[in-house]
Amino acid sequence: MADPVAQGGRGVSGVLEYLLDPATWTREDGLVDRLVEHVGISALALLVAAVVAIPVGLWLGHVGRGGFVALNIGGIGRAVPTYALLVLLVLMPAPFGANVPSFTVALALFTIPPLLTNTWTGVREADPAAVDAGRGLGMSGWQLLWRVELPMAMPLLLSGLRLAAVQVVATTTVVGLVGGGALGRVINTGFVSQDTRLVIAGAGLVALLALATEVGLGAVERRSGRRSRRGGDDAPEDPVPGRSAGEGAGTSAQGAAQAAR
Amino acid sequence: MIDVAAGSVLHAGSVADNCLLRNEWVCPLYVTTRSEQILAALQQHVAILLVTLAVSVLLALPLAVLAHRTAWVRGFVLGASTVVYTIPSLAMFSLLLPVIGFSARTVVVALVLYSLTVLVRGLVAGLDAVPGEAVDAAVGMGYGRWRLLREVQLPLALPTAFAGLRIAAVSTVALTTIGFLFDSGGLGNLVNQGLTSYFKAEVLTATVLCVVLAVLVDLLLVGLRRWLTPWRRGVAA
């Protein structure tokens, strides 16, 4: 990390020079390595959170319990500072410490609230007429959940996943403050060595990555929405209320995203 | 064997044996011996929160009213807030450093930017939700634009706006910790010190205080909203 600091200008032109130098990207612990670490840690945390939150949210929504927890967990998540939680885990004995398991657990804990809230809300808001019809057809609880409630919860579930993904990509940056890698390390190195080029490059890359996640998953969401609407013959979900519901959940999960970072 | 013996001697009542030396997570002795330091950090945390909330509310009000009235301002404000919320706090703090400098001001500016995104959205949503009949009735009674805003629209927008304010306040309490980068993170300074010196009690105490502060602020805001909107008492949430 010493040589990029020593060479080149320090202003905006310095940032371009730094970013256009192939060695910046390809050398060991260069931007490519950091980017891969960032995406890897984020994806792992999102996966762990999804494996925990989605089944729990589906089940609680299906049996109609746990509403208080599902709806207020976001507030609890917001109140815990990510940085402090990361430090707590880093100081814990093995298997924790300044390592990937700690980072994954800390980030997953912040990703669970928006996922759980959206999944639960999605199942609860499934059209009661459709659920009744399913029950009338003799569907078991499991079939009802799998064939009726889950498809109807899909739009909210997907928007929850998108919010959680954007949040976790942004939050992974904090890992760089406790001795981990990822793009936060680039920012932190720039911060400590007062090299603005590294700070701007790192911050810009994280912001781009978060925006790309938002736009990319948004496209997936719209696509699956279109398909499910075409699939159902009397699909009741007209795009407008579906969207506004997602948006409403969005603003609350957005707050969660804030705290998480 | 020697270790066990030494340990038992310590436990038998050596003056030096305490939770600080054993570096335990929960350590009342830490709290009693460092109370001044803890209070100073807490004070800084609260001061940063109050300044942040005051500045963001003052900025959010005119922005939201403008966004409510003018379509292009609304598009701009909502678009900008989406971009701001994707910028990670660490990046935001670091990017503001060359512009504002190494001080608590940088922390406050970053926190204000984050709070604004939530506050403006909450206020705009609240203003949008004001029933048309209420506005029509006031206009029919000869209310001017200013009086309409002050006496009808803002009070009716308060419950929704307060939801945003609560999110902003709780997030600000948690986010302030990253301000340790500028030596202005309140309780975050203690967490960082604890990390560098491997001092468990310091980290846990500061974290718990931070969460307790966030919960207290949230409860205070709920109380304030109930006091400000007496006509809604008895309505859930």
Side-chain angles (χ1 to χ4, degrees), chain A residues 10-11 74-88 90-92 98 166-167 169-179 183-184 187-188 190-192 194 196 198-200 202-211 213-214 248 250-252 254-261, chain B residues 23 25 81-95 97-98 102 111 114-115 117-118 121-122 125 163-164 166-178 180-181 185 187-188 190-192 194-195 198-200 202-204 206-208 210-215 217-218:
Chain A
R10 299 217 152 196
I76 302 164
R78 256 194 297 280
V80 182
T82 332
Y83 173 64
L85 185 71
L86 263 171
V87 172
L88 280 176
V90 165
L91 295 186
M92 291 268 189
V166 174
Q167 165 182 337
V169 165
T171 315
T172 300
T173 324
V174 183
V175 161
L177 286 179
V178 294
L183 289 167
I187 300 174
N188 202 31
F191 192 84
V192 172
Q194 305 215 337
T196 322
L198 293 183
V199 173
I200 296 177
L205 280 176
V206 179
L208 273 180
L209 199 60
L211 271 176
T213 311
E214 163 95 30
T251 35
S252 70
Q254 177 182 332
Q258 287 220 328
R261 283 163 302 124
Chain B
N23 196 15
W25 285 107
S81 72
T82 307
V83 173
V84 167
Y85 110 89
T86 55
I87 302 178
S89 53
L90 177 56
M92 178 77 93
F93 284 114
S94 328
L95 288 175
L97 172 66
F102 192 99
L111 294 173
Y114 284 127
S115 309
T117 66
V118 187
R121 275 172 185 265
R166 285 173 62 191
I167 293 178
V170 173
S171 311
T172 301
V173 171
L175 267 176
T176 302
T177 49
I178 306 281
F180 80 82
L181 286 168
L187 297 162
L190 300 184
V191 174
N192 184 47
L195 174 68
Y198 214 83
F199 193 172
K200 291 175 180 171
E202 190 171 28
V203 174
L204 187 65
T207 307
V208 169
C210 204
V211 175
V212 169
L213 180 64
V215 172
V217 167
D218 197 41

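When reading the values below, keep in mind they use all heavy atoms of this one structure, side chains included, and skip hydrogens, waters and symmetry mates. Residue numbers begin at 1 in each chain, while the letters A, B, ... track the order of the sequences.
- Chain A forms the most heavy-atom pairs under 4.5 Å with one residue out of B:Gly164, B:Cys210, B:Ala91, and that residue is B:Ala91.
- B:Phe102 pairs by the ring pair (Phe, Tyr, Trp, His ring centres under 6.0 Å) definition with B:Phe182, not counting sequence neighbours.
- If you measure heavy-atom distances from B:Asn192 to chain A, the contacts under 4.5 Å come from both the backbone and the side chain.
- A 4.5 Å side-chain heavy-atom check between B:Leu97 and A:Val199 finds every atom pair outside the cut-off.
- Between A:Pro81 and B:Ala174 the shortest heavy-atom distance is CB-O, 3.5 Å.
- At a 4.5 Å heavy-atom cutoff, the contact between A:Ile187 and chain B is made by side-chain atoms alone.
- Of the two parts of B:Val211, the backbone and the side chain both hold a non-hydrogen atom closer than 4.5 Å to a non-hydrogen atom of chain A.
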Original post:
Given A:Phe191 and B:Leu90, is the side-chain contact (heavy atoms from CB on, under 4.5 Å) satisfied, shown in steps?
Top reply: CA-CA 10 Å; A:Phe191 192 84; B:Leu90 177 56; 6.0 Å; no

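- Minimum heavy-atom separation, B:Val170 to A:Gly75: CG1-O, 4.3 Å.
- Chain A forms the most heavy-atom pairs under 4.5 Å with one residue out of B:Val191, B:Thr177, B:Val215, and that residue is B:Val191.
- Heavy-atom distances place both the backbone and the side chain of B:Leu181 under 4.5 Å from chain A.
- Remark: B:Thr207 OG1 to A:Leu86 CG distance equals 10.5 Å, nearest 0.5 Å.
- Within the 4.5 Å cutoff, side-chain heavy atoms of A:Leu177 are placed close to those of B:Ile178.
- Contact between A:Leu91 and B:Lys200 at its shortest, heavy atoms only, is O-CE, 3.6 Å.
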